[in-house]
> 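Attaching a single structure in structure tokens format; questions to follow.
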Amino acid sequence: MPLSIYNTMTRRKEEFVPLSPPLATLYCCGPTVYNYAHIGNLRTYVFEDVLRRTLRFSGYEVRHVMNITDVGHMTSDADDGDDKMQTAAARENKTPWEIALFYEAAFFKDTDRLNIERPEVTPRATGHVAEMIGIIKRLEENGYTYVTSEGVYFDTSRDDEYGKLARLQLDKQRTSRDEVVSDETKRNPSDFVLWFLNKPSHIMKWESPWGTGYPGWHIECSAMSMKYLGDTFDIHCGGVDHIPVHHTNEIAQSECATHHPFVNYWMHGEFLLMNGGKLSKSKLTQQTDDQRPKISTLQTLIDAGYDPLAYRYFCFQAHYRSELNFSLEAMDAATSGLRRVYSLSPNSDPLSGDPTAYAAARERVLNAVYDDLGIPQAVGLLNSYGSFSLWCEFDAILGLDIAERVARQPDAIPEQVAQLVASRNEARKAKDWAKSDQIRNELIALGYEVGDGPTGTTVRSKAL
RNA sequence: GGAGCCGUACCCAAGUGGCUAAGGGAGCGGACUGCAAAUCCGCGAUCCACCAGUUCGAUUCUGGUCGGCUCCUCCA
């Protein structure tokens, strides 16, 4: 069965046919490194990781590029917009470059802990300003730009196909809130900046043919994707929020610069919802009303006692194109579910010794995966088969470290725990149940599971 | 105002024009246990927000209503 994926451009599932097999080229919008990634951001990177693993599983050689945005985007269209990198720098008393480096490292620490593979290329925006200027020059030569006191603009009225990804009806667009200040120098509301000019307070600046300034919000992705993957490449991913503006503008500036199709397949991950709404980085540092720790970054999840891979497994509950509701209860459910997977026994595999049954089961799971990454169905099937070897085979896609965790030797029991077990055994021998129960409670408090079986008492760490 | 998504058991959710509506968690019953925990076995939506329509037949298609969400500002 061929791999099919949902293409936002056509709003249909399509069979994946790469430009130059066995190579599959993939570009994913990466983080803007001015703050920690929250678990909603991370959900999208988990989805993209599953995609690249699935591509490789089906025999492709993956070339995956993800940008690191280390130059801030403006927070609004107008003069008073703050650069996020600059705001963070002021907040933390650092330079923008220090901020970027710090949060880039934090980002990769998180993705590593989630078993998200590093893309083959992770270019930084600040290292590609020359390429961005090159694209703007081509756009200028092709007659798609104009210059105002604010910067160099892309003239969307010159692009007949502008908005095709989001199916925008430009005449019906308008700003939704009063506080959005529109730039008076723009010719059309949908025009966007390619290069900012005359921003004296801005710290990160570069020389350009149009004057000293800094690049616009979208040009870096066009520059870096095309540099590393070519004018046309296979798949471009990102969050659904990127469809109407960011990816729309990427397509416009890329295709008008090269006169080639930019991307063949567009894939978008849906949001993680918390309390019925989306998460935002700006609320990351806010305190909660109640006493419970606020779960918003991977680290807060870990601090609350959850395993990073339990979060990864939690993401597999819902299809990547569906919103997913986060709650501690759901995280607990995912943790219990994963624990069950890790408790699988290689020695009592219901499918071992029956190659026909194994092949049939494998086929069903594979069909689910190849049908636009039907990971929830795949996990459901895997759960009902309960086969260690089948889980392990698909762990190449799931990335849950199943073989390692199942084989992992239990951590050495600390002396303190061993002594408690010994004294509990004595109490049990003497049928001193009160003492026995009391010691058991102590062991539980220390994070151990206590089990009395026919072969004696066993303790096991509650950690996954 | 425009564009789009969603509403399936207590929770997270998959899915289909008609055969028993996945799976996980929680819960319940049983085995096990000194009692538990863990584990194993079993049970669980006569029903897929509501109302019409299309159809021999709809949870699945169409229209409407109600409710929720996202985007049209930076955002995964």
Side-chain angles (χ1 to χ4, degrees), chain A residues 8 11 28-32 34 37-48 72-78 81-84 163 166-177 179-182 189-190 217 237-246 248 268-273 276-282 313-314 316-341 343 345 368 374-385 428 431-434 436-437 440-441 443-444 448-454 458-460 462:
Chain A
T8 306
R11 310 285 161 99
C28 299
C29 286
T32 304
Y34 64 94
H38 56 63
I39 55 176
N41 297 317
L42 262 12
R43 181 190 180 200
T44 299
Y45 299 108
V46 169
F47 142 61
E48 291 160 352
H73 292 167
M74 303 271 286
T75 53
S76 90
D77 222 354
D82 297 317
D83 182 291
K84 290 178 188 170
R167 308 195 171 180
L168 300 177
Q169 296 171 263
L170 293 180
D171 49 327
K172 290 182 182 167
Q173 296 286 115
R174 66 160 206 193
T175 50
S176 53
R177 283 182 294 285
E179 68 267 24
V180 178
V181 185
S182 59
S190 52
W217 316 333
C237 298
V240 282
D241 54 319
H242 280 150
I243 297 169
V245 179
H246 182 57
T248 288
H268 293 94
E270 254 296 351
F271 277 130
L272 179 80
L273 265 34
K278 74 167 190 171
L279 294 91
S280 63
K281 280 193 183 179
S282 59
Y313 187 73
F314 165 77
F316 296 160
Q317 293 292 303
H319 187 85
Y320 76 90
R321 284 191 286 117
S322 301
E323 290 170 341
L324 173 60
N325 287 301
F326 179 88
S327 67
L328 258 23
E329 195 182 358
M331 264 308 293
D332 289 337
T335 302
S336 301
L338 222 212
R339 179 190 296 274
R340 243 172 61 94
V341 176
S343 308
S345 167
I375 302 301
Q377 302 98 299
V379 168
L381 288 166
L382 253 10
N383 265 312
S384 52
Y385 287 122
R428 295 190 71 231
K431 297 196 189 297
D432 185 351
W433 306 131
S436 164
D437 291 352
R440 179 167 60 199
N441 287 337
L443 287 165
I444 289 169
Y448 287 85
E449 267 172 19
V450 182
D452 302 320
T458 53
V459 289
R460 191 179 110 179
K462 279 186 191 166

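By convention in this document, chain letters (A, B, ...) are assigned in the order of the sequence lines, proteins followed by strands, and residues within each chain are numbered from 1. Heavy atoms only: backbone and side chains are in, while hydrogens, waters and symmetry mates are out.
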> Treat primed atoms plus P, OP1 and OP2 as sugar-phosphate and everything else as base, then score nucleotides 11-16 of chain B 5' to 3': B for base contact with protein heavy atoms under 4.0 Å, S for sugar-phosphate contact only, - for none.
SBSSS-
> Using whole Å, what does the distance between atom C1' of nucleotide B:rA38 and atom CZ of A:R339 come to?
9 Å
> So how far is it from A:Q377 CD to A:L382 CG, rounded to the nearest 0.5 Å?
12.0 Å
> Sort out the partner of B:rG67 for me: Watson-Crick or G-U wobble, both distances under 3.5 Å, none otherwise.
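Checking every strand shown, B:rG67 finds its partner in B:rC6, with both distances under 3.5 Å.
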> Give the rounded distance in Å between these two atoms: CD1 of A:I39 and P of B:rA76.
14 Å
> First locate atom CD1 of A:I39, then atom OG1 of A:T44, and finally report the distance between them rounded to the nearest 0.5 Å.
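A:I39 CD1 to A:T44 OG1: 12.0 Å, rounded to 0.5 Å.
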> Could you check which nucleotide pairs with B:rC47 in any of the strands shown, counting Watson-Crick or G-U wobble with both distances under 3.5 Å?
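Its partner is none (no Watson-Crick or G-U wobble pair with both distances under 3.5 Å).
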> When you get a sec, tell me which of B:rA76, B:rC35, B:rG4 is the closest nucleotide to the side chain of A:R11?
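Nearest listed nucleotide: B:rG4.
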> Across all strands shown, which nucleotide pairs with B:rA21 by Watson-Crick or G-U wobble geometry, both distances under 3.5 Å?
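Paired with no nucleotide.
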> Would you mind telling me which residue lines up with the more 5' stretch of RNA chain B, A:A166 or A:V450, judged by nearest nucleotide?
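That would be A:A166.
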> Kindly say if A:N41 contacts the phosphate of B:rA76, meaning a side-chain N or O under 4.0 Å from OP1 or OP2.
yes
> Taking the nucleotide of RNA chain B with the closest heavy atom to each, which residue, A:P244 or A:S336, is nearer the 5' end?
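Mapping each residue to its closest nucleotide by heavy atoms, the 5'-most match is A:S336.
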> Which part of the nucleic acid does A:G451 contact within heavy-atom distance under 4.0 Å: base, sugar-phosphate only, or nothing?
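Here A:G451 touches the bases of the nucleic acid.
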> Give me the distance, rounded to whole Å, that separates B:rA31 from B:rC19 when you measure between the P atoms they each carry.
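Nearest-Å result for B:rA31 against B:rC19 at atom P: 37 Å.
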> With both distances under 3.5 angstrom, what nucleotide forms a Watson-Crick or G-U wobble pair with B:rC61?
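Checking every strand shown, B:rC61 finds its partner in B:rG53, with both distances under 3.5 Å.
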> Is any N or O donor-acceptor pair between the side chain of A:R440 and the base of B:rA37 shorter than 3.5 Å?
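For A:R440, whose side chain was compared with the base of B:rA37, there is no donor-acceptor pair (under 3.5 Å).
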> What about A:S436: does its side chain form a donor-acceptor pair under 3.5 Å with the base of B:rG34?
yes
> At 4.0 Å (heavy atoms only), tell me whether A:R340 reaches a base, stays on the sugar-phosphate, or touches nothing.
sugar-phosphate
> Picking from B:rA76, B:rG34, B:rC74, which would you name as closest to the side chain of A:T32?
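That would be B:rA76.
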> What is the nucleic acid contact for A:D332, judged by heavy atoms within less than 4.0 Å: base, sugar-phosphate only, or nothing?
nothing
> Taking NZ from A:K431 and P from B:rG34, how many angstroms apart are they, rounded to a whole number?
8 Å
> Measure from CZ on A:F316 to P on B:rG24 and round the result to the nearest Å.
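So the CZ-P distance, A:F316 to B:rG24, works out to 17 Å.
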> Rounded to the nearest Å, what distance is computed from the CG atom of residue A:L272 to the C1' atom of nucleotide B:rA76?
10 Å
> NE2/A:H319 to CD/A:E270 distance, rounded to the nearest 0.5 angstrom?
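Between atom NE2 of A:H319 and atom CD of A:E270 there are 10.5 Å.
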> Within this structure, what is the CZ-to-C1' distance between A:F271 and B:rC71, rounded to whole angstrom?
8 Å
> Please round to the nearest 0.5 Å and tell me the distance separating atom CD of A:E449 and atom CG of A:L443.
12.0 Å
> May I ask you to decide if the ring planes of A:Y320 and A:F47 are parallel, tilted or perpendicular, using 30° and 60° as cut-offs?
parallel
> Atom CZ of A:F326 and atom CE of A:M331: how far apart are they, to the nearest 0.5 Å?
5.5 Å
> Applying the Watson-Crick and G-U wobble criteria at under 3.5 Å, what pairs with B:rU39? Answer none if nothing qualifies.
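The answer is B:rA31, by the H-bond criterion.
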> In whole Å, I'd like the distance from the CH2 atom of A:W433 to the C1' atom of B:rU33.
10 Å
> Side chain of A:D241 only, heavy atoms from C-beta on: which candidate in B:rC71, B:rG23, B:rC69 is closest?
B:rC71
> Test your reading of the model: is there a side-chain donor-acceptor pair from A:S336 to the backbone of A:D332, 3.5 Å cut-off?
yes
> Can you figure out which of B:rA37, B:rC72, B:rG23 approaches the side chain of A:E449 most closely?
B:rA37
> Could you check how far CD of A:E270 sits from C1' of B:rG4, rounded to whole Å?
9 Å
> Give the ring-plane orientation class for A:H246 versus A:H242, where under 30° counts as parallel, over 60° as perpendicular and anything between as tilted.
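Judged by the thresholds at 30° and 60°, the geometry between A:H246 and A:H242 is tilted.
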